[in-house]
> 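Please see the structure below; I have some questions.
Keep in mind that this is a model prediction, so the values were computed, not measured.
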Amino acid sequence: QKTAYEIVMWLEFRRVLFRSTIILECGATGFPVPRVFWYFNDTSLVANSSFVEIVNAKKGEHEGRYRCVVKNPAGSISASANLKVNESEC
């Protein structure tokens, strides 16, 4: 029996320090188990992972909109958040 999916870990706005490491998480439940797809500024990143790790965060490279899309045969749902990187380490 197919059951609807539910995002259980929502993305939220993050402000991070320059050159820091960030983990964005988007967990989901449902049956069959949903697949998770990640996008950064509408460009595909990682498929079927509940998280994205950003190492050595830089303003021009990592700042923007991250979106996770959760899909199973019952349908799909998405969550998104913006990431802001401070320009200096201070």
> Show your reasoning for whether side chain to side chain contact (heavy atoms under 4.5 Å, CB included) applies to Val52 and Glu25.
CA-CA 7 Å; Val52 167; Glu25 296 181 277; over 6 Å; no
> Remaining members of Val69's ILVMFWY cluster at a side-chain heavy-atom cut-off under 4.5 Å?
Phe37, Tyr39
> Mind listing the closest non-hydrogen atom pair of Asn72 and Pro34 along with its distance?
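Closest approach of Asn72 to Pro34, heavy atoms only: CB-CA, 3.9 Å.
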> Applying side-chain contact (heavy atoms from CB on, under 4.5 Å), can you list everything that pairs with Asn56, at least two apart in sequence or on another chain?
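So Asn56 forms a side-chain contact (heavy atoms from CB on, under 4.5 Å) with Arg19, Lys58.
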> Any side-chain to backbone donor/acceptor pair from Trp38 onto Ser49? Under 3.5 Å, distance only.
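Confirmed, Trp38 side chain pairs with Ser49 backbone.
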> Which value, rounded to the nearest 0.5 Å, describes the distance between Arg65 atom CZ and Ser80 atom OG?
4.0 Å
> Is there a side-chain contact between Pro32 and Pro73 in this structure, where contact means two heavy atoms from C-beta onward sitting under 4.5 Å apart?
yes
> Which pair of heavy atoms, one from Ala28 and one from Val70, lies closest together, and at what distance?
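Reported closest heavy-atom pair: CB-CG1, 3.5 Å.
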> Looking at Asn86 and Phe18, what are the two nearest heavy atoms and their distance?
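Minimum heavy-atom contact is O-CB, 3.1 Å.
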> Measure the spacing between OG of Ser50 and CG of Leu24 and express it to the nearest 0.5 Å.
11.5 Å
> Mind checking what makes side-chain contact (heavy atoms from CB on, under 4.5 Å) contact with Ser20, not counting sequence neighbours?
Val16, Leu17, Ile22, Ala57
> With clusters built from Ile, Leu, Val, Met, Phe, Trp and Tyr whose side-chain heavy atoms come within less than 4.5 Å, directly or transitively, what are the remaining members of the cluster of Val55, listed by chain and number?
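Besides Val55, the cluster holds no residue at all.
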> Applying salt bridge (charged side-chain N to carboxylate O under 4.0 Å, His left out), can you list everything that pairs with Arg35, at least two apart in sequence or on another chain?
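Applying salt bridge (charged side-chain N to carboxylate O under 4.0 Å, His left out) to Arg35 gives none.
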> Please identify each residue that fulfils side chain to side chain donor-acceptor pair (under 3.5 Å) with Lys59, with sequence neighbours left out.
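Testing Lys59 for side chain to side chain donor-acceptor pair (under 3.5 Å), a comparison that skips the adjacent residues, returns Glu63.
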> What residue among Asn41, Leu83, Asn82 forms side-chain contact (heavy atoms from CB on, under 4.5 Å) with Tyr66?
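Of the listed options, the one satisfying the test is Leu83.
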